[in-house]
Every structure is written in structure tokens, then in C-alpha cells.
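The model shown is predicted, which means the values in this text are computed figures rather than measured ones. Values below: all heavy atoms of this structure, side chains included; hydrogens, waters and symmetry mates excluded.
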Amino acid sequence: MVSSWALCLCLSVCLATLPQTTGVPATKHIHIILVGANGNLAKKYLWQSWFDLTHSQSDTTAFQVWAGTRLSNDDAYTQLPNLIRSSIQTCPPEFDSSKCEAAINAFVEACAFVRLKTEHDYEELSSAIEHTSHREDGRLFYLSVPPSAYPFLAKTISTVARPSPSAWLRVVFEKPFGSDLSSAKELSEQLSTYLQEHEIYRIDHYLGKPGVQQIMQFKTENRQLFNKLFHSNRVQRVEIVSTEKEDCAGRTRFYNEYGVIRDIFQNHLTEILALVAMEIPDDTVSATHAQLKTRVLQSTSVISPQHVLVGQYQDYQSHVMVDHPQPVESRHTPTFAAATVAVSSNRWKGVPFVLVSGKQLARREAFVRLTLRDSSDASQVCFNQEHCDPPTITFHIQGGEHNASVALHGALPDFNVPAGWTISGHPGAVRLFPPQETKTSAYSTLVREVVLGRRENFVDTQSLLLAWKIWTPVVSHCEQVYPVLYEPNGKQLATLAAQNGMLRFRQSDLPTTASQHVADHQEL
């Protein structure tokens with residue numbers, strides 16, 4: 001039996017859509033169900049993303065957004081409207097303040113608030129959707145809940161909340177996707193019992209950042225440059241760096257369980273490595289984007305502990321004490337790591353990929369830098385060549401002094417500028433800027449791609465398990481050693497000694513308080 005709130009919605013569903021025009025295809029009706037609609041992620045990113053979505057699609061797509069929480073219906077209708085309004089901070093740039101306010105109010109009024117706690121609740125939701133006056137074209141569940149709830153929700157959605165066969169089903173899952181290879185396999189098997197692979201969208205928000213998406217855009221536009229330069233004959237090393245100024249205060253409950261390897265390396269940095277190293281999909285290559293990425297990960301060696309260095313900022317222990325009423329073991333938790341990774345494909349064999357990430361460092365920035373060997377076939381030269389550094393290609397992802405951009409430094413062959421990009425600088429020091437979408441978040445980009453069914457920027461099961469295979473030995477090793485302590489800004493981390501793929505802190509750069517940990521660290 002359909003509950004009163006569902007019956008009310010069945011009689012009158014307000015769909016968020018732009019006006020239709022004559023002579024266009026019939027409107028597609030898509031239902032979006034946000035599970036965990038009052039959580040931190042929803043407040044910080046997702047409600048803005050759903051609002052952006054309703055104003056970015058064509059006028060032939062209409063959305064009904066359902067806000068699912070564990071609240072009672074009365075509490076939901078009391079609390080959620082104001083929560084949603086406060087979560088939406090920006091409107092399309094062409095909206096003035098009055099139009100923006102009106103659009104936000106219309107969006108909130110169009111949302112339906114539902115309790116989603118039991119299997120029966122999901123069954124009632126599905127019944128309400130099926131009784132709307134429009135034919136359903138797609139149903140999207142976004143699970144903004146702890147991963148421990150994923151198996152129950154996958155089973156429940158599949159058994160009582162699937163749309164009719166004429167409509168697609170897509171379910172979005174937030175990381176973490178397991179804590180090591182074994183747990184990732186177990187979770188993946190549980191999901192695949194109830195959902196098909198094409199219905200599973202594991203989201204990594206880094207893949208929605210313009211600075212990350214520009215990597216494949218630039219490579220695709222410069223196939224000849226890619227084939228000539230992105231190769232072991234020309235590349236000395238590749239650095240993939242993501243650093244943060246902020247510390248872990250208030251988040252040590254999460255960080256003490258996961259640490260920087262699980263939080264950043266296994267997902268964000270590994271996905272970026274694959275984008276840099278993979279071949280370029282095109283019409284002449286039968287392999288898909290996912291298959292090409294998988295080939296890179298299959299050729300990436302499992303990382304031995306000797307190729308990883310870990311650190312912990314000195315104030316981490318005090319932050320743990322504030323966040324945990326009872327004493328917990330946290331001396332092994334890495335908040336910084338650097339690793340050398342080997343990709344044994346024909347293109348990259350012998351080129352070290354150096355991955356670095358950490359908390360409470362000097363600046364917030366992320367970039368990929370390819371350092372090249374000099375070559376006489378370059379058609380461009382840098383000024384004062386006798387003082388030039390080695391040629392580099394740098395993809396700036398975020399932070400630092402630059403927005404998303406590609407910097408080409410030194411003597412490099414000619415390159416193509418992708419359509420819509422802008423260029424600045426001079427020969428030998430050129431910077432390319434992709435189009436900047438005004439205040440569009442990575443989440444807004446990715447939820448739009450879910451609706452469109454574009455899977456390239458999501459994590460499939462095979463690549464997930466390959467990534468965990470690469471990093472699980474490091475995770476296990478970190479549980480047995482003490483990380484080197486580092487001071488705020490991590491100045492002493494800037495100097496890393498590297499030899500034969502092994503990384504070491506220079507002893508002279510270590511703070512006195514860290515010396516006691518060096519022996520336990522096995523000279524990593």
C-alpha cells in the first residue's frame with residue numbers, strides 16, 4: 001500500500017525542467033534519489049550539483065529529485081528545505097540575484113522528501129515513481145552513506161526499487177571501495193550479485209576536476225606529440241603530486257583507519273597515473289577507454305615497501321587525542337608518502353613515476369610533471385638556452401599559482417592547441433588554459449556524466465581491484481613501521497634521496513624528534 005506522502009506525490013509531481021519548445025524530441029523523465037540527503041557530502045557538494053544539473057541539460061530532460069533520509073516525513077519536510085537552500089551557493093552566471101533566488105526556491109519546491117530506512121520504504125518509493133503521470137526513462141540512486149550500507153542498499157534497490165526494463169538504472173557509490181584487496185573483492189562481489197557492471201558508478205571526484213580532464217584532452221589533440229615525447233626514450237621521470245596545507249584535526253577517526261595511502265594513492269593518484277600513461281582511444285583502436293586504462297594497471301608493478309617512504313606530521317598525535325576520548329594506536333598512521341612506481345609497458349619501461357601526497361605541507365596544489373631529455377629535433381627553443389632546465393610538460397590540476405592549465409617549458413616540438421583553449425607566454429615557456437566553467441564543481445561534472453551514461457571518468461571493478469593489488473602490500477607494511485615525523489610545512493620532505501627506485505629522507509634534513517624512528521623505517 002502506498003503511503004500518504006507517496007499518494008500525494010503520485011497525484012502531483014513537480015518536475016524540474018526548462019520550458020519545452022515545439023519540434024523537439026519528447027521529454028525524457030529521470031528520477032534522482034539522493035540517499036543520505038542531509039549528510040555532510042550532500043550539504044557541501046551534492047545539492048549544488050543537482051541544482052546545476054537541472055540548469056545544464058537541454059529542455060528535453062526533466063528531473064524529479066527525491067531527498068532520502070532516515071528522518072520521519074514530518075521532520076524531513078521541516079528540516080530539509082532550509083538545508084537545501086543553504087547548500088546552493090551559486091546560480092548560472094546569467095542569473096541576477098532575484099532570478100537566482102526564484103530558481104533555488106523552485107528547485108526546493110520541486111523536490112520530494114522521503115524516508116528511506118527499510119526495504120519497505122524503498123518499495124513505496126518505487127511504487128510512487130511508477131504511478132507518476134510520465135513514462136520513466138531513467139532512475140539514478142546516489143548513495144551518500146557509509147560503505148557498510150552498500151550491500152544492503154544494492155540488494156534492496158535491485159529487488160524492490162528497479163525501474164521497468166524500458167528505463168535505465170544507475171547507482172553511484174562513494175569511496176572508500178574497500179580497505180585492501182581482500183575487502184575490495186568482497187564488496188565488489190556483493191555488489192555484482194545484485195547490479196550489473198554498467199549499473200555501477202564508483203565516483204572519484206578527482207576525475208571530474210578540469211585539471212585532470214585536461215590531461216586526456218591535451219593528449220587527444222596532440223597524438224603526434226604524445227607518440228614522440230610520452231615514451232621512455234624521451235621521458236626521464238613523471239611526478240604526480242597532490243599536497244594539502246590543512247591537517248587532519250577533526251578527521252582523525254577516518255584518517256587513523258585509512259591513512260594517506262588508502263585515502264589518496266590507491267585512488268586519486270593511481271587514476272591520474274593511468275590517464276597519463278594509457279594510450280589514446282580513437283576510432284582505429286578497438287579497445288575502450290576502460291580497457292586501455294586496465295592495460296596500464298596490469299603493467300604496473302606491485303609496489304614493494306622499499307620503494308615507499310612515509311611520514312606523519314608532528315601534531316597528528318595531539319589531534320588524535322582531541323578526536324578520540326579513549327587512547328588509540330595512531331603512531332603508524334601515515335599522513336605523508338612518496339613512492340616510485342614502475343610501469344613495464346613498451347612505452348614506459350624504465351621510467352620512474354614518483355607519486356607524492358601529504359597533509360600539513362607548505363601549499364595546496366596538485367600537478368603532473370613530465371621531465372624530458374633534451375633532443376635536437378625540437379622546433380622551439382627557450383630563451384638563454386645555456387641556462388635552461390630540462391624540458392618539462394606540466395599539467396596543473398589545482399592550487400599553487402595556477403589554475404587548471406598545461407605548461408610547456410624548454411625546447412619542445414610543435415603542439416596543437418585544443419579548440420576553445422587559450423594560450424599565453426612565449427616560445428620556450430608556454431601555458432595553455434582549457435575553458436573555465438564558472439564555479440562548476442567536480443561533482444557537478446560527474447553527476448552530469450552519470451545521467452548521460454558516460455563511464456570513462458568512473459572506476460570499474462577490474463581497475464579497482466588492480467589498483468588495490470598494487471597498493472595492498474604498502475598498506476600492510478605501513479601498519480608495521482613508524483613513519484618519520486615532519487614539522488609543519490614539511491620543509492625537510494622537499495629533499496628526497498632517490499637511487500635505484502628507492503626513496504630516503506636525507507639524514508641532515510630530519511628533525512631531531514624523528515631520529516628515533518629511522519631504524520624502524522628500514523631506511524625507506
Side-chain angles (χ1 to χ4, degrees), residues 197-198 202 204 206-240 266-303 340-355 367-373 375 377 391-395 397 404 406 408 412-419 421 432 434 449 454-467 469-471:
E197 180 68 20
H198 69 268
R202 297 181 185 87
D204 180 340
Y206 247 62
L207 297 181
K209 290 179 177 290
V212 172
Q213 296 197 337
Q214 72 180 348
I215 296 172
M216 188 56 70
Q217 294 167 4
F218 179 82
K219 285 172 57 176
T220 301
E221 188 65 28
N222 289 276
R223 293 177 185 273
Q224 292 184 348
L225 188 70
F226 171 75
N227 289 326
K228 182 181 292 187
L229 295 185
F230 286 47
H231 195 282
S232 59
N233 291 335
R234 292 298 309 274
V235 179
Q236 294 183 30
R237 66 181 180 276
V238 180
E239 300 156 62
I240 303 175
Q266 180 274 330
N267 38 71
H268 302 333
L269 299 193
T270 303
E271 289 290 330
I272 294 174
L273 182 152
L275 284 175
V276 173
M278 66 184 282
E279 301 298 315
I280 304 172
D282 61 26
D283 294 337
T284 65
V285 178
S286 59
T288 65
H289 184 283
Q291 290 170 331
L292 293 173
K293 183 172 73 170
T294 295
R295 290 177 186 175
V296 171
L297 298 179
Q298 287 173 330
S299 64
T300 301
S301 301
V302 175
I303 301 172
T340 51
V341 181
V343 179
S344 60
S345 65
N346 291 334
R347 181 181 292 278
W348 296 105
K349 189 172 184 178
V351 177
F353 285 73
V354 182
L355 279 55
F367 62 87
V368 177
R369 178 165 56 223
L370 291 85
T371 300
L372 308 176
R373 297 181 175 90
S375 175
D377 68 354
T392 59
I393 299 175
T394 304
F395 297 93
I397 296 172
V406 183
L408 300 101
L412 294 169
D414 289 330
F415 56 87
N416 297 323
V417 180
W421 289 36
L432 307 177
E449 293 188 359
R454 297 174 180 168
R455 296 181 52 83
E456 291 84 356
N457 291 314
F458 296 85
V459 182
D460 64 85
T461 300
Q462 188 173 13
S463 64
L464 170 70
L465 298 182
L466 286 169
K469 181 180 178 181
I470 294 167
W471 290 103

Check your understanding: Can any side-chain N or O of Ser463 pair as donor or acceptor with the backbone N or O of Val459 at less than 3.5 Å?
Key -> no
**Study point:** Any Lys228 side-chain heavy atom under 4.5 Å of Asn233 side chain
**Key:** no
Practice item. Give the minimum heavy-atom separation between Leu412 and Leu408, together with the two atoms involved. Key: CD1-CB, 3.6 Å
Review point. Do Lys219 side-chain atoms and Met278 backbone N/O form a donor-acceptor pair below 3.5 Å?
Key: yes
Review point. Would a 4.5 Å heavy-atom cut-off, applied to side chains only, mark Arg454 and His289 as touching?
Key: no
Check your understanding: So do Val343 and Val351 actually touch side chain to side chain, heavy atoms under 4.5 Å?
Key -> no
Practice item. Return yes if some donor-acceptor pair links the side-chain N/O of Ser344 with the main-chain N/O of Ser299 below 3.5 Å, else return no. Key: yes
Exercise for review: Spell out, as yes or no, whether a donor-acceptor pair under 3.5 Å connects the side chain of Gln213 to the backbone of Leu207.
Suggested key: yes
Point to revise | Side chain Asn222, main chain Phe415, donor-acceptor under 3.5 Å | key: no
Review point. Can you tell if the side chain of Lys349 reaches within under 4.5 Å of the side chain of Ser232, non-hydrogen atoms only?
Key: no
Revision key, fill the gap. In short, Ser301 meets Ile470 closest at the heavy-atom pair O-CG2, 3.9 Å
Point to revise | Check: Ile280 and Glu221 side chains under 4.5 Å, non-hydrogen atoms | key: no
Point to revise | Shortest non-hydrogen contact between Ala277 and Arg347, atoms and distance | key: O-CD, 4.4 Å
Review point. Is the backbone of Thr461 close enough, under 3.5 Å, to the side chain of Glu197 for a donor and an acceptor to pair up by distance?
Key: yes
Point to revise | Main-chain N/O of Val368 paired to Glu239 side chain as donor or acceptor, under 3.5 Å | key: no
Check your understanding: Which residue, Val341, Thr340, Thr300, forms the side chain to side chain contact (heavy atoms under 4.5 Å, CB included) with Phe353?
Key -> Val341
Check your understanding: Distance from Gln214 atom CD to Leu432 atom CG, nearest 0.5 Å?
Key -> 9.0 Å
Check your understanding: If you take all heavy atoms of Val212 and Ile272, which pair is closest and at what distance?
Key -> CG2-CD1, 4.2 Å
Check your understanding: Is there a salt bridge (Lys or Arg N to Asp or Glu O under 4.0 Å) between Lys293 and Glu271 once you walk through the steps?
Key -> CA-CA 9 Å; Lys293 183 172 73 170; Glu271 289 290 330; 3.0 Å; yes
Review point. What heavy-atom pair brings Val296 and Ala274 nearest, and what distance separates the two atoms?
Key: CG1-CA, 4.1 Å
Point to revise | Short side-chain to backbone donor-acceptor contact, Arg373 and Val235, under 3.5 Å | key: yes
Exercise for review: List the atom of Arg202, the atom of Asp460, and the distance in Å for their closest heavy-atom pair.
Suggested key: NH1-C, 3.4 Å
